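Reading through the structure tokens given below for one structure.
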Amino acid sequence: MASDNVFVEHCKGINGLDKVILRETRGYSAEVYLFGGQVTSWKNEHREELLFLSTKAIFQPPKAIRGGIPICFPQFGNMDSLEQHGFARNRLWSVDPDPPPCSSHASSRASVDLILRNSEEELKIWPHRFEFRLRVALSPAGDLMLTSRIRNTGTDGKPFRFTFAYHTYFSVSDISEVRVEGLETLDYLDNLQNRKRFTEQGDAITFESEVDKIYLSTPTKIAILDHERKRTFELRKDGLPDAVVWNPWDKKAKAMADFGDEEYKHMLCVEAACVENPITLKPSEEWRGRQEILVVPSSYCSGHLDPRRVTFTG
Ligand code: TA6
């Protein structure tokens, strides 16, 4: 087991499940459960929680944890033969004893490397051998970075295909005051209309009812503006062309046992994903998909915000 230090602590979480706490000197922190390889908390320097975790979330494997950043692999949604969102979020990951060097995160003292391999049991439902290495890191500025490396370790010469998403639950003050910028005029598949294809209108996206859309070939940056908190989340993604936007609203909220009836008002999922065109990996090939989320203070004047004015650095 990797040794603890001020930046990384291995400990027990809810129901004794193993978790890792990452801390950065400015006070930012993140928590990652080995169950699901799932981030469940990301706090800023004021100890404010930035991710949504349902008060009714169940921490009992194999049930997926409702909130934080579940990982959908090897299948997003129910588009194929596996259970909804695949099995990675229902599995116990382990700490990677031999993580690959990572250039972009070399500076992250607060990071943990997890690994998931196929179980013999799994081969019966998904007959492919893989290695999934996940690095979760906090930058000195408190940005939360997730890097996934998936390798086809099969020796049968066969490729495999998968879809993927970081199913991020953002915590918001009031969903009716939130805007998403960066998805205007894009095509999307509407999950509420049998994945029929539509084109989004030209303005920022706002919310007044259930939404479940898969935006196709989006820009690499998306902004989630929380007016009331004068806070903007910037989502940057790499290797993940699509983005899913989801809010269950009132009816679906009531139908979910692990979700509070009113909690839809305080969360929004914006998910860096690869859905439309599944990834195919030949034996020994590796895919990398990265997401970085950061908080930028937003000076908001209704209707006039231009995401380019939000201090997107780099
Ligand atoms: O990402 C959006 C979505 O696919 C919705 O259709 C909704 O089902 C949501 O995921 C939650 O899925 P879950 O399996 O976690 O209940």
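Not measured: the values here are computed from a predicted model. Every number for a ligand or one of its atoms is a count from 1 in the order of the listing.
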With no hydrogens and no angle check, is any side-chain donor or acceptor of [X] less than 3.5 Å from a backbone partner on [Y]?
| X | Y | answer |
| --- | --- | --- |
| Asn152 | Lys158 | yes |
| His85 | Gly77 | yes |
| Asp258 | Ile58 | no |

Counting only non-hydrogen atoms and a 4.0 Å cut-off, the residues near ligand 1 are Arg66, Phe76, Gln84, His85, Arg89, His167, Asn191, Asp212, Val244, Trp246, Glu271
Considering only NZ, NE, NH1 and NH2 on the basic side and carboxylate oxygens on the acidic side, decide whether Asp18 and Lys12 come within less than 4.0 Å. yes
Residue from Phe132, Phe73, Phe35 passing ring pair (Phe, Tyr, Trp, His ring centres under 6.0 Å) with Trp93: Phe132
For Ser29, the option from Arg47, Glu9, Glu45 that meets side chain to side chain donor-acceptor pair (under 3.5 Å): Arg47
